[in-house]
Amino acid sequence: MNSNTSKEKKPNILIIVIDSLRNDQIFGENRTCVTPNIDEMISKGTYFSQTISSADGTILSLNGVLTGLFPFRTGTRAIKFNLQKNNFIQQLIDFGYDIFGFGPSLTSFVPFSKYFQNENSGYHAGPPAEPLSNELGDKILKLIDNLPENKPWLSFFHIEELHSLREGSTPVGLENFDDPKFGSTRYERIVSHIDFWIGKILDKINLNDTLVIFTSDHGERIPYGDIRDVEMEPTLKGLKNVGTKFLPNSSYKIGGKFLSKVRKPIGYVRQKNANKNLEPYQIRSRENYFTPSLFDELLRVPLIFYGYNTPKKIITQQVRNIDIFPTIFDLLNIKIKNKIDGQSLVPLFFDTKVDELPAYIQTIPLEKTKKFDKVGVRTNNYKFFVSSNDLKSEMHLFNLKNDPHENDNIASSSNELNRLKKILENFLQMQTDTNSIDSLEHEKISSELKKLGYM
């Protein structure tokens, strides 16, 4: 624990959030990316290998991080940050911290980014998302060079480089990493590129007086064979060539609509053949990037505490991303003002037992409720989720110890079902849909999210 007295300067806090970074891409044998800087943080810091995000999308996930609350308390259909009066950032300000950071220039981020004291803290969210090599990295390094020395600070960097894959683009500056030696997939090569910049950032940090937290908001699909389902559909160009050859000019408009509709059934047949001998885990990896999902590839994220007062340790117990700030506050000896769902993980740093609590999980809200909307709970051994519209519909239960890739749904044959369902029902009894968005703001946010492919 921190031995500083209240009169001494508190340590600085650096939080790096890599949007869409899966845990299994920074640790383990089944990866081909090259990450020497992240590897060093893991080997010299405290690494939580089983950290679960509250949601498969950015806003709900990070809102939970900044409040220590599950989405059912802050708005299950929230499409912008909903930070209560005494959120953790405000509490740090009250305690004397200066706040800096960079995040995407989106209306949904404004309730958070308004705390950043640096000018021009927003960057182009896409498509494509601004990569580190296109000025953002240099802006971060310049900011670090000008951080105050006489006051404690928190710097929060939200990096969207991997998000470019969702938008069908390749980050600027990836050229030097676009080689199999840096990863067998586009995803892994981008991770290697990000790690290069993580090294540049850490080189400027004094680890003796700075607590570094490295994490992600949610995971991502990595298409099996680096091929997505949509890529199996024939291109309109190819269909158009066929149409212009056999259809009269007067029918081009009608024919164009017809040919466009033909793409999906042809693609479906190709998908069926290509996926014939694959596991469910491999098949769903090829789904549309924006399909809501509560499988671990979208929820299990990295979490590393590095630098100030962190021992060398790997912790395999399940923790939640809502536990991040309670742990920071405990390390800094700052009392939390609000009642929260998260808990401090500091005892685990020193081999003291902490209850392994269930994680509430839910999909990001779409503009209208759809069949994809899911809610559930995850424990160290099991995951259970159902349709958010009908708790008796589309039940999924997985034994995570025996089936880590969640290929075998055992909802119809396991005694665990009723126990986990009861936990979920207890969570949902506290549900709220409070969300202070007027119609004009909602329209603006929806427009931005549609451009990014979310709606």
Side-chain angles (χ1 to χ4, degrees), residues 11-21 26 35 37-38 40-41 45 51 53 58-59 61-63 65-66 81 83 87-89 92-93 97-106 108-126 128-148 152-164 171-173 190-207 209-218 301-308 321 324-325 328:
N12 305 312
I13 307 167
L14 171 61
I15 301 178
I16 302 174
V17 175
I18 310 299
D19 196 301
S20 308
L21 180 60
I26 65 143
T35 57
N37 298 296
I38 297 173
E40 182 170 354
M41 285 195 288
T51 304
S53 173
T58 301
I59 299 301
S61 171
L62 290 188
N63 201 80
V65 171
L66 298 173
F81 279 104
L83 305 178
N87 63 75
F88 291 121
I89 302 300
L92 285 173
I93 292 172
Y97 275 76
D98 286 341
I99 310 298
F100 305 93
F102 285 102
S105 296
L106 295 170
S108 54
F109 262 74
V110 170
F112 176 33
S113 60
K114 71 179 183 180
Y115 289 102
F116 298 161
Q117 295 175 218
N118 51 302
E119 295 182 358
N120 302 316
S121 63
Y123 60 80
H124 183 60
E130 182 172 347
L132 289 161
S133 290
N134 188 25
E135 297 186 3
L136 177 59
D138 289 333
K139 289 178 184 177
I140 289 174
L141 298 181
K142 184 177 179 180
L143 173 64
I144 294 174
D145 285 337
N146 291 284
L147 290 172
W153 49 260
L154 176 144
S155 290
F156 190 105
F157 302 140
H158 184 97
I159 297 169
E160 289 207 319
E161 195 129 337
L162 282 166
H163 211 275
S164 60
V172 175
I190 296 174
V191 173
S192 297
H193 182 238
I194 291 172
D195 181 84
F196 169 77
W197 279 94
I198 295 300
K200 283 178 169 285
I201 293 171
L202 293 178
D203 282 345
K204 289 184 173 290
I205 298 298
N206 181 352
L207 296 174
D209 64 9
T210 304
L211 175 63
V212 179
I213 296 91
F214 180 89
T215 189
S216 177
D217 48 359
H218 56 82
V301 297
L303 178 58
I304 306 168
F305 281 74
Y306 179 60
Y308 177 83
N321 66 350
I324 291 175
F325 264 94
I328 294 173

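In this chain, residues are counted from 1 in sequence order.
Contact between F100 and W153 at its shortest, heavy atoms only, is CE1-CB, 3.9 Å. When every heavy atom of W197 is checked against every heavy atom of S133, the shortest pair comes out as NE1-OG, 3.3 Å. Between I38 and D195 the shortest heavy-atom distance is N-OD1, 2.8 Å. Contact between P152 and P11 at its shortest, heavy atoms only, is CB-O, 4.1 Å. Residues G173 and H193 approach most closely at O-NE2, 3.4 Å, considering heavy atoms.
In this structure, F112 has its ring center closer than 6.0 angstrom to the ring center of F156.
Within the 4.5 Å cutoff, the side chain of F305 has heavy atoms near those of the I328 side chain. N321 places none of its side-chain heavy atoms less than 4.5 Å from the side chain of T215. With a 4.5 Å cut-off on side-chain heavy atoms, I201 and I140 count as touching. No side-chain heavy atom of K139 sits less than 4.5 Å from a side-chain heavy atom of N120. L211 has its side chain within reach of I213: a pair of non-hydrogen atoms, C-beta onward, lies under 4.5 Å apart. N12 is not listed as a side-chain neighbour of Y308, based on a closest heavy-atom distance of 4.5 Å or more. By the 4.5 Å heavy-atom criterion applied to side chains, Y115 and L92 are not counted as neighbours. Proximity of I198 to T35: side-chain heavy atoms (C-beta onward) are nowhere separated by under 4.5 Å.
Residues passing the salt bridge (charged side-chain N to carboxylate O under 4.0 Å, His left out) test with K204 are D145, sequence neighbours excluded. Partners of D98 according to the salt bridge (charged side-chain N to carboxylate O under 4.0 Å, His left out) rule, which considers only residues two or more places apart in sequence or in another chain, are K151.
Donor-acceptor pairing under 3.5 Å is recorded for the side chains of S61 and S53. Using modelled atom types and a 3.5 Å distance limit, the side chains of T58 and H158 yield no donor-acceptor pair.
For the atom pair S155 OG and L143 CG, the distance stands at 5.0 Å (nearest 0.5 Å). Rounding to the nearest 0.5 Å places NE2 of H124 at 9.5 Å from CG of L106. To the nearest 0.5 Å, atoms CG (L66) and CD1 (I324) are separated by 9.5 Å. Put simply, CD1 on I205 and CG on L14 are 5.0 Å apart, with the number rounded to the nearest 0.5 Å. For the atom pair F102 CZ and I159 CD1, the distance stands at 10.5 Å (nearest 0.5 Å). Here L141 contributes atom CG and N146 contributes atom CG; the two are 11.5 Å apart, rounded to the nearest 0.5 Å.
Using a distance-only test at 3.5 Å, with no hydrogens or angles considered, a donor-acceptor pair links the side chain of S105 to the main chain of Y123. Checking side-chain atoms of Q117 against main-chain N and O of I99 turns up a donor-acceptor pair under 3.5 Å. At distances below 3.5 Å, at least one donor-acceptor pair connects side-chain atoms of D217 with backbone N or O atoms of S20. With hydrogens and angles disregarded, a donor-acceptor distance shorter than 3.5 Å links the side chain of N118 to the backbone of G101. Of the possible donor and acceptor atoms, none in the side chain of N63 sits under 3.5 Å from a partner among the backbone N and O of F81. Listed for the E161 side chain is a donor-acceptor partner under 3.5 Å among the backbone atoms of L132.
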Test F214 against I18 for side-chain contact (heavy atoms from CB on, under 4.5 Å), laying out the working first. CA-CA 8 Å; F214 180 89; I18 310 299; 3.7 Å; yes

Tell me, with the steps shown, if I26 and I304 meet side-chain contact (heavy atoms from CB on, under 4.5 Å). CA-CA 11 Å; I26 65 143; I304 306 168; 4.2 Å; yes

Run the side-chain contact (heavy atoms from CB on, under 4.5 Å) test on I59 and F109 for me, step by step, so that the C-alpha distance in whole Å, both residues' side-chain angles and the decisive distance to 0.1 Å come before the verdict. CA-CA 8 Å; I59 299 301; F109 262 74; 4.0 Å; yes

